[in-house]
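Read the structure below first, then the notes.
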Amino acid sequence: MELRQLRYLAAIAEHGNLGRAAKALYVSQPALSYALKGLEAELGVRLFDRTPAGVEQTAAGADVLDAAAAALAAADEVAAAAERHRTGGVLRVGFEASGAGELTTRARAEFARRRPGVRVVPKRFDWGGEAAALREGAVDAAFVWLPADLTGCESVLVRTEPRVLGVPAGHRLAHRDAVSVLETNAEPLMWTDKAPREWVDWWAVNPRPDGSEPRWGPKNDNVEEMLEQVAEGAAVCFAPESMAAYYARPDLVWVPLADAEPLRVALAWRAGNPLAEDFAAVVCSLL
């Protein structure tokens, strides 16, 4: 068994389709299928059931993938430890979408100025993925959108920002100075099944102030997919205010949400990592 095979498993599980996983891995689909069959034969269990739409994890596959994720995280830690000695240090900083706004970039730049011998590596994750990456050791610190599971991590609140409604240009709410969450009840709302349910419900304001549930619209796996579907009129989305600056485009309008709880962003880091603790000190000095 090789780490390469475990990374293949992780990609197949993430994409749920051999073709998409092969594309992400830059290998051919037949080669990926052959590697999967070989690993299943080596382990003596079926890891995925093939379906017309792609693949689905078996019960054995789910257990194996959990163990594979831990093994890959441990391997990344080995590589990071070697990198620290080879280059004088490396700090992997996770974030999603607009992170903590301009603080994300300022903090990395200031840390690099103070610690020129340390290489700062930004790592972007899709919805809710930065917290899991931190817990699993794939990054040393992360700007985390709350709510999130930060078990085993140190954290400090570093930013709050209002939320906004994203609509296509020409939408009935696009001209408003602000809107209430209840005014969006009739609109299909973008959502994802890739993030923890608590995170999804918080972003969707579910339940709504009147006790109703959002009208769920199309799913998306990342910010680019979400914005494309909003721009074409398939749904609306809720986002942090910084998205209006980081993802400005002529076919989208961002309208303040007057009564939605603001986003809280935490800097979290793995306890016992001196570089991560130094980075946290730099971030706090910039607040």
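Position 1 is the first residue of the sequence, and the numbers go up from there. This one's a predicted model, so the numbers in the text were calculated from it and none came from an experiment.
Among residues at least two apart or in separate chains, there is no side-chain hydrogen bond (donor to acceptor under 3.5 Å, both in side chains) pair with a member in residues 129-139. Applying the salt bridge (charged side-chain N to carboxylate O under 4.0 Å, His left out) rule to pairs touching residues 5-20 yields Arg7-Asp76, sequence neighbours excluded. The side-chain hydrogen bond (donor to acceptor under 3.5 Å, both in side chains) pairs that include a residue from residues 29-45 are Glu40-Arg50, where partners are two or more places apart or lie in different chains. Pairs passing the salt bridge (charged side-chain N to carboxylate O under 4.0 Å, His left out) check and including a residue from residues 253-281, sequence neighbours excluded, read Arg115-Asp278.
Hydrophobic clustering of Ile, Leu, Val, Met, Phe, Trp and Tyr side chains at less than 4.5 Å, counting indirect connections, keeps Leu150 apart from Trp202.
Cluster partners of Leu72, using a side-chain heavy-atom cutoff of under 4.5 Å among ILVMFWY residues and allowing indirect links, are Met1, Leu3, Leu6, Tyr8, Leu9, Ile12, Leu18, Leu25, Val27, Leu32, Leu36, Leu39, Leu43, Val45, Leu47, Phe48, Val55, Val64, Leu65.
Taking all atoms of both residues into account, the shortest heavy-atom contact from Trp199 to Pro147 is CD1-O, 3.2 Å. Summarising the geometry of Ala234 relative to Pro218, their closest heavy-atom pair is O-CD, 4.0 Å, with the distance given to 0.1 Å. Listed here is the closest heavy atom pair of Ala195 and Val200: O-CG2, 3.9 Å. Considering all non-hydrogen atoms of both residues, Ala13 and Gln57 come closest at CB-NE2, 3.7 Å. Between Gly54 and Asn17, the closest heavy-atom pair is CA-ND2, 4.1 Å. The two atoms that bring Pro168 and Ala231 nearest to each other are CB-O, 3.7 Å, heavy atoms only.
Between Asp126 atom CG and Thr192 atom OG1 the span is 8.0 Å, to the nearest 0.5 Å.
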Q: Please test Leu103 against Val283 for side-chain contact (heavy atoms from CB on, under 4.5 Å), starting from the C-alpha separation and ending with a verdict.
A: CA-CA 8 Å; Leu103 178 62; Val283 171; 4.2 Å; yes
Q.
For Val205 and Arg163: C-alpha separation, side-chain torsions, deciding distance, then whether side-chain contact (heavy atoms from CB on, under 4.5 Å) applies.
A. CA-CA 11 Å; Val205 191; Arg163 281 191 279 175; 4.0 Å; yes
Q.
Determine whether Leu91 and Val118 satisfy the following criterion, side-chain contact (heavy atoms from CB on, under 4.5 Å), listing intermediate values before the conclusion.
A. CA-CA 7 Å; Leu91 178 74; Val118 178; 4.2 Å; yes
Q | Residues Phe95, Val144; criterion side-chain contact (heavy atoms from CB on, under 4.5 Å); working and verdict | A | CA-CA 6 Å; Phe95 65 99; Val144 179; over 6 Å; no
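Within the 4.5 Å cutoff, side-chain heavy atoms of Pro188 are placed close to those of Arg215. The closest side-chain heavy-atom distance from Glu96 to Arg124 is not below 4.5 Å. Taking the side chain as every heavy atom from C-beta outward, Leu252 and Val230 approach each other to under 4.5 Å. Within the 4.5 Å cutoff, the side chain of Val236 has no heavy atoms near those of the Met190 side chain. Proximity of Trp203 to Trp191: side-chain heavy atoms (C-beta onward) are nowhere separated by under 4.5 Å. The shortest side-chain heavy-atom distance between Asp49 and Arg46 falls under the 4.5 Å cut-off. Put simply, the side chain of Pro122 reaches to within 4.5 Å of the side chain of Arg108, judged on heavy atoms. Counting heavy atoms from C-beta on, the side chains of Val156 and Cys284 come closer than 4.5 Å.
Using a distance-only test at 3.5 Å, with no hydrogens or angles considered, no donor-acceptor pair links the side chain of Gln229 to the main chain of Met226. When atom types are taken as modelled, the side chain of Asp140 and the backbone of Arg92 share a donor-acceptor pair closer than 3.5 angstrom. In this structure a side-chain-to-backbone donor-acceptor pair under 3.5 Å is missing from Tyr246 to Gly99. At distances below 3.5 Å, at least one donor-acceptor pair connects side-chain atoms of Thr104 with backbone N or O atoms of Gly101.
With sequence neighbours left out, the side-chain hydrogen bond (donor to acceptor under 3.5 Å, both in side chains) criterion links Asp193 to Lys219. Under the rule for a side-chain contact (heavy atoms from CB on, under 4.5 Å), Ala69 has no partner lying at least two apart in sequence or in another chain. Evaluation of the side-chain hydrogen bond (donor to acceptor under 3.5 Å, both in side chains) rule for Glu183 yields Arg176 as partners, not counting sequence neighbours. Under the ring pair (Phe, Tyr, Trp, His ring centres under 6.0 Å) criterion, Phe111 pairs with Phe279, sequence neighbours left out. With sequence neighbours excluded, the residues that form a side-chain contact (heavy atoms from CB on, under 4.5 Å) with Pro214 are Leu189, Ala204, Asn206, Arg208, Trp216. Residues forming a side-chain contact (heavy atoms from CB on, under 4.5 Å) with Glu228 (at least two apart in sequence, or on another chain): Arg249. Shown here are the ring pair (Phe, Tyr, Trp, His ring centres under 6.0 Å) partners of Trp269, two or more places apart in sequence or in another chain: there are none.
Between Asn220 and Trp127, the side chains place a donor N or O and an acceptor N or O closer than 3.5 Å (distance only, hydrogens not considered).
Checked for salt-bridge contact, Arg114 and Glu110 meet the test: a charged N lies under 4.0 Å from a carboxylate O.
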